[in-house]
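Report on one structure; see the data block that follows.
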Amino acid sequence: QVQLVESGGGLAQPGVSLRLSCEASGRAAQYYAMGWFRQAPGKEREFVAAISWTGDVMSYGDSVKNRFGISRDNTRIMIHLQMNNLKPEDTAVYYCAADGNIPDLLRGEADYWGQGTQVTVSS
């Protein structure tokens, strides 16, 4: 069993940056691929970014490429999502996810999910 806890969400003006964090705990949690999804009202859940358990392979959704960066701290079993140049359309609940199967993670079928953290981008 893996537990995931997100933090770092909040209010931000367009153009500024936020950093989200997700800390994992549980047996063998350090060997899970992890990532982020987001869901805005009236929209489907959207893939944001993912990272391998080694931290050396990363993937991004088209809408956040060149603006967001994902990283992993394996000592603490934690991932971060650095969100730069935020736009109003980034407003969503951001969910951390983990799975031992990377394809499952990428298609939104992860075994483990956090409760989410709200990001609101507005002037």
Side-chain angles (χ1 to χ4, degrees):
Q1 183 71 30
V2 174
Q3 308 287 342
L4 303 172
V5 180
E6 303 99 331
S7 62
L11 299 173
Q13 294 183 337
V16 304
S17 299
L18 284 176
R19 190 180 76 157
L20 305 183
S21 298
C22 174
E23 186 163 14
S25 61
R27 186 176 63 85
Q30 67 267 39
Y31 300 119
Y32 281 78
M34 297 176 65
W36 297 92
F37 287 77
R38 66 186 184 186
Q39 188 165 24
K43 296 185 178 180
E44 295 183 352
R45 186 172 56 191
E46 178 186 21
F47 171 70
V48 177
I51 189 166
S52 64
W53 76 268
T54 58
D56 59 356
V57 179
M58 292 163 282
S59 182
Y60 297 94
D62 289 341
S63 64
V64 304
K65 288 180 179 177
N66 302 313
R67 294 192 299 120
F68 291 8
I70 190 168
S71 61
R72 184 161 190 155
D73 179 351
N74 287 315
T75 299
R76 296 183 62 186
I77 317 176
M78 178 177 288
I79 61 168
H80 306 281
L81 184 69
Q82 179 66 42
M83 304 185 294
N84 299 319
N85 191 24
L86 284 164
K87 302 177 179 180
E89 52 263 43
D90 295 319
T91 297
V93 178
Y94 285 71
Y95 297 94
C96 181
D99 201 294
N101 185 326
I102 292 177
D104 284 349
L105 175 63
L106 294 176
R107 57 174 169 260
E109 298 176 359
D111 287 337
Y112 303 102
W113 295 86
Q115 294 299 306
T117 185
Q118 177 72 47
V119 173
T120 301
V121 183
S122 176
S123 61

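Every value quoted in this text rests on a predicted model; they were computed, and no experiment measured them.
Not counting sequence neighbours, the partners of Asp62 by the side chain to side chain contact (heavy atoms under 4.5 Å, CB included) test are Lys65. Not a single ring-ring contact (aromatic ring centres under 6.0 Å, His included) links Tyr60 to another residue, sequence neighbours left out. Applying the side chain to side chain contact (heavy atoms under 4.5 Å, CB included) criterion to Ala12, with sequence neighbours excluded, gives Val16, Leu18, Leu86. Checked against side chain to side chain contact (heavy atoms under 4.5 Å, CB included), Glu23 has the following partners two or more places apart in sequence or in another chain: Arg76, Met78. Here Ser7 pairs with Ser21 under the side chain to side chain contact (heavy atoms under 4.5 Å, CB included) rule; sequence neighbours left out. With sequence neighbours excluded, the residues that form a salt bridge (Lys or Arg N to Asp or Glu O under 4.0 Å) with Asp90 are Arg38, Arg67. Residues satisfying the salt bridge (Lys or Arg N to Asp or Glu O under 4.0 Å) test with Glu89, not counting sequence neighbours, are none.
Under the 4.5 Å side-chain heavy-atom criterion for grouping Ile, Leu, Val, Met, Phe, Trp and Tyr, Leu81 is not connected to Trp53 through any hydrophobic cluster. Cluster membership for Ile79 and Phe47, using ILVMFWY side-chain heavy atoms within less than 4.5 angstrom, is not shared. Following chains of ILVMFWY side-chain contacts shorter than 4.5 Å, one can reach Val64 starting from Met58, so the two form part of one hydrophobic cluster. Both Tyr32 and Leu20 belong to a single network of hydrophobic side chains, linked directly or stepwise wherever heavy atoms of I, L, V, M, F, W or Y lie under 4.5 Å apart. When the side chains of ILVMFWY residues are joined at heavy-atom separations under 4.5 Å, either directly or via intervening members, Trp36 and Leu4 end up in a single hydrophobic cluster.
Residue pairs meeting the ring-ring contact (aromatic ring centres under 6.0 Å, His included) criterion with at least one partner in residues 87-108, sequence neighbours excluded, do not occur; the list is empty. Evaluation of the side-chain hydrogen bond (donor to acceptor under 3.5 Å, both in side chains) test over residues 105-114, restricted to residues two or more places apart or in two chains, returns Asp104-Arg107, Arg107-Glu109. Counting only residues at least two apart or in different chains, disulfide (SG to SG under 2.5 Å) contacts with residues 28-60 are absent. Among pairs with a residue in residues 94-123, those fulfilling disulfide (SG to SG under 2.5 Å) read Cys22-Cys96, at least two apart in sequence or across chains. The list of disulfide (SG to SG under 2.5 Å) pairs with a residue in residues 26-75, not counting sequence neighbours, is empty.
A donor atom on one side chain and an acceptor atom on the other are not found under 3.5 Å apart for Ser122 and Thr120.
With a 4.5 Å cut-off on side-chain heavy atoms, Arg27 and Val2 do not count as touching. Counting only heavy atoms from C-beta outward, the side chains of Met83 and Ser17 never approach each other to under 4.5 Å.
Contact between Ser63 and Glu46 at its shortest, heavy atoms only, is OG-OE2, 2.7 Å. Nearest heavy atom pair, residue Ala92 against residue Ala40, reads CB-N, 3.9 Å. Ile102 approaches Ala33 most closely through the heavy-atom pair CG1-CB, 3.6 Å. Ile70 and Gly35 make their closest contact through CD1-CA, 4.2 Å (heavy atoms, listed as atom of the first residue, atom of the second, distance). Taking each heavy atom of Ala24 and Met34 in turn, the nearest pair found is CB-CE, 4.0 Å. The shortest heavy-atom contact between Arg45 and Gln39 is N-NE2, 3.7 Å.
Atoms CD1 and CD, on Ile77 and Gln3 in that order, are 12.0 Å from each other to the nearest 0.5 Å. Asp73 contributes atom CG, which lies 5.0 Å from atom OG1 of Thr75 (distance to the nearest 0.5 angstrom).
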Let me see the working for Gln82 and Ser71 under side-chain hydrogen bond (donor to acceptor under 3.5 Å, both in side chains), right down to the final yes or no. CA-CA 8 Å; Gln82 179 66 42; Ser71 61; over 6 Å; no
I'd like to know whether Gln115 forms a side chain to side chain contact (heavy atoms under 4.5 Å, CB included) with Val5, so could you lay out the CA-CA distance, the side-chain angles of the two residues, the decisive distance to 0.1 Å, and finally the verdict. CA-CA 7 Å; Gln115 294 299 306; Val5 180; over 6 Å; no
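Of the options Leu106, Asp99, Asn101, a side chain to side chain contact (heavy atoms under 4.5 Å, CB included) to Pro103 is made by Asn101 and by none of the others.
Within 6.0 Å of CG on Asn66 lie no more than 12 heavy atoms contributed by other residues, nucleotides or ligands.
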